[in-house]
Amino acid sequence: MGNQYQMTALAGVLAFFAANPLSAETLLTIYTAEEPAKLDPIRQSFHAEHPDLDINWVSDSTGVITARLLAEINAGNPRADLVLGTGTLTAHLVDDLGYILPYAPKGLERIHPKFRDSNDPPHWIGLESYQSAICFNTIEAKAKNLPAPSSWNDLIDPIYKDQIVMPDPNSSGTGLLTVFGWMKIFGEEASWDYMDKLHENIAAYTHSGSKPCGMAGAGEYVIGLSYTFAAAEQKRQGAPIDILLPVEGVGTDIGATFIIKGTRNEAAAKAFMDWYVSDSGIAVYSKFSPMLAVADAPGKPEFYPDNLLERMIDPDLAWQVENRERVLAEWSRRYSQKEEAK
């Protein structure tokens, strides 16, 4: 009687947990270099449409995320289910190792061809583009009698000595975006000559792409080399900066998003990709970035420069992939003495 009662009770307990599992929610681990301000709105919107799915963010600068991801892949133990917005160079590096799961999300047809790779189905997709930018503190500049630069070459003028900060390309995707932009505009040899002269005016190289703009916004330095989103965020917060796009053009990249091959949460990762290109995903991103991936996106967010499209240059991704390690090593050899402490 006792055993029969226990078996009946156990069966009832098992039936209850089968219908009401304790771990019904799937947790997606997403590696990202997106700005922290975006992460909670992304998670809330996605989770609202998929109450059984949630996100565990692993967030850092692009260089750090890329290094971590490649180290895990080379060890045969990638821990991310999906990578969000780390740039096309990261996607190419991971794809070359065979660790991207191709997927065509619902609504793919609305994505402009420049915001996805050419494979069918695509290996990566992006909603937004990033652009190098100069954050220029107008109050500090007036106090120091410093003119606003209009070109990259203006920045090597000795009047800006110790008034410029920029990201370290070894740890910051923004820094690498900027360096590769110069190499596309000037050519590699001329770019090293340019960076040697610019180095004389650099106060410090930061490990974050947005930090130089924050430092300029706070008045620590007159000029911070950063990117458009960080600059617009500073202006949104009331910082006395102008967002300057040099006449030669600015480095440009796309925030590539892709699924890691071998993930145990493939269905959930595909659900995120579907959300990413849906009206809901686009609505979230449109609050923060110029939406250039889709024709029917909402209007440009506040504070972005009107001449953004005409100043964007087309990156040479194949050259960047082939020369990334060499360029980073040479940059460190020449300039690492001014890196900020980690």
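In this chain, residues are counted from 1 in sequence order.
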**OP:** Taking the six-membered ring of Phe229 (Phe, Tyr or Trp), confirm whether the NZ or CZ of Lys38 is under 6.0 Å from its centre and within 45° of its axis.
**Re:** yes
Starting at [atom1] of [X], measure out to [atom2] of [Y] and round the result to the nearest 0.5 Å.
X      : Y      : atom1 : atom2 : result
Leu308 : Met312 : CG    : CE    : 6.0 Å
Thr29  : Ile260 : OG1   : CD1   : 11.5 Å
Asn170 : His207 : CG    : NE2   : 9.5 Å

Please report the closest heavy-atom contact between [X] and [Y], naming both atoms and the distance.
X      : Y      : result
Ala91  : Trp124 : CB-CD1, 3.8 Å
Val277 : Ile282 : O-CD1, 3.7 Å
Phe115 : Glu128 : CE2-C, 3.8 Å
Gly85  : Thr257 : N-OG1, 3.3 Å
Cys135 : Ser226 : SG-CB, 4.1 Å
Gln131 : Thr228 : OE1-OG1, 2.5 Å

Subject >> Test log, rule side-chain contact (heavy atoms from CB on, under 4.5 Å), inputs Trp192 and Met195 >> reply: CA-CA 5 Å; Trp192 288 121; Met195 286 186 282; 3.5 Å; yes
Are [X] and [Y] close enough that a side-chain donor and a side-chain acceptor fall under 3.5 Å?
X      : Y      : answer
Glu49  : Ser280 : yes
Asp95  : His123 : yes
Thr88  : Asp253 : yes
Ser208 : Ser210 : yes
Asp81  : Tyr31  : no
Asp274 : Ser278 : no
Gln320 : Asp316 : no
Thr66  : Thr90  : yes

Transitively linked via ILVMFWY side-chain contacts under 4.5 Å: [X] with [Y]?
X      : Y      : answer
Val64  : Leu177 : no
Leu245 : Val222 : yes
Ile243 : Tyr160 : no
Leu225 : Val250 : yes
Met215 : Leu146 : no

Hey, is the main chain of [Y] close enough, under 3.5 Å, to the side chain of [X] for a donor-acceptor pair?
X      : Y      : answer
Ser286 : Ala283 : yes
Lys161 : Glu200 : yes
Ser191 : Trp182 : yes
Tyr276 : Leu127 : yes
Asp54  : Leu27  : no
Arg116 : Asn119 : yes
Asp154 : Ser151 : yes
Asp242 : Leu244 : no
Asn137 : Glu140 : yes

**OP:** Could you label the plane-to-plane angle of the Tyr205 and His199 rings as parallel, tilted or perpendicular, counting under 30° as parallel and over 60° as perpendicular?
**Re:** parallel
**OP:** Please work out whether the ring planes of Phe272 and Trp275 are parallel, tilted or perpendicular, with thresholds of 30° and 60°.
**Re:** tilted
Would you call [X] and [Y] a salt bridge, taking side-chain N to carboxylate O under 4.0 Å as the test?
X      : Y      : answer
Glu340 : Lys211 : yes
Arg110 : Asp279 : yes
Glu330 : Arg334 : yes
Asp193 : Lys197 : yes

[X] side chain near [Y] side chain, heavy-atom distance below 4.5 Å:
X      : Y      : value
Val58  : Ile65  : yes
Leu97  : Leu70  : yes
Thr62  : Thr174 : no
Trp319 : Glu188 : yes
Leu317 : Leu89  : no
Ile73  : Val94  : yes
Glu339 : Thr206 : no
Leu39  : Thr32  : yes

Subject >> Test side-chain contact (heavy atoms from CB on, under 4.5 Å) applied to His92 and Asp117, step by step >> reply: CA-CA 10 Å; His92 276 269; Asp117 71 304; 5.9 Å; no
Check the surroundings of atom [atom1] in [X]: do more than 12 heavy atoms from other residues, nucleotides or ligands lie under 6.0 Å from it?
X      : atom1 : answer
Arg264 : CZ    : no
Lys338 : NZ    : yes
Glu189 : CD    : no
Asn77  : CG    : yes

Subject >> Check against side-chain contact (heavy atoms from CB on, under 4.5 Å), Glu34 and Tyr285 >> reply: CA-CA 11 Å; Glu34 294 280 18; Tyr285 272 82; 2.8 Å; yes
**OP:** Verify side-chain hydrogen bond (donor to acceptor under 3.5 Å, both in side chains) between Glu35 and Tyr227, making sure each step is shown before the conclusion.
**Re:** CA-CA 11 Å; Glu35 286 296 318; Tyr227 66 110; 2.4 Å; yes
**OP:** Test ring-ring contact (aromatic ring centres under 6.0 Å, His included) on Phe258 and Tyr103 and set out the steps.
**Re:** CA-CA 8 Å; Phe258 52 91; Tyr103 180 60; over 10 Å; no
**OP:** Determine, step by step, whether Leu176 and Leu328 satisfy the side-chain contact (heavy atoms from CB on, under 4.5 Å) criterion, reporting the C-alpha distance in whole Å, the side-chain angles of both residues, the deciding distance to 0.1 Å, and the verdict.
**Re:** CA-CA 8 Å; Leu176 189 57; Leu328 288 175; 3.8 Å; yes
Original post:
Are the aromatic rings of Trp152 and Tyr194 close, with centres under 6.0 Å apart?
Top reply: no
Subject >> Candidate list Ile164, Leu155, Ile223, Asp162, test side chain to side chain contact (heavy atoms under 4.5 Å, CB included), partner Ile202, passing option >> reply: Ile164
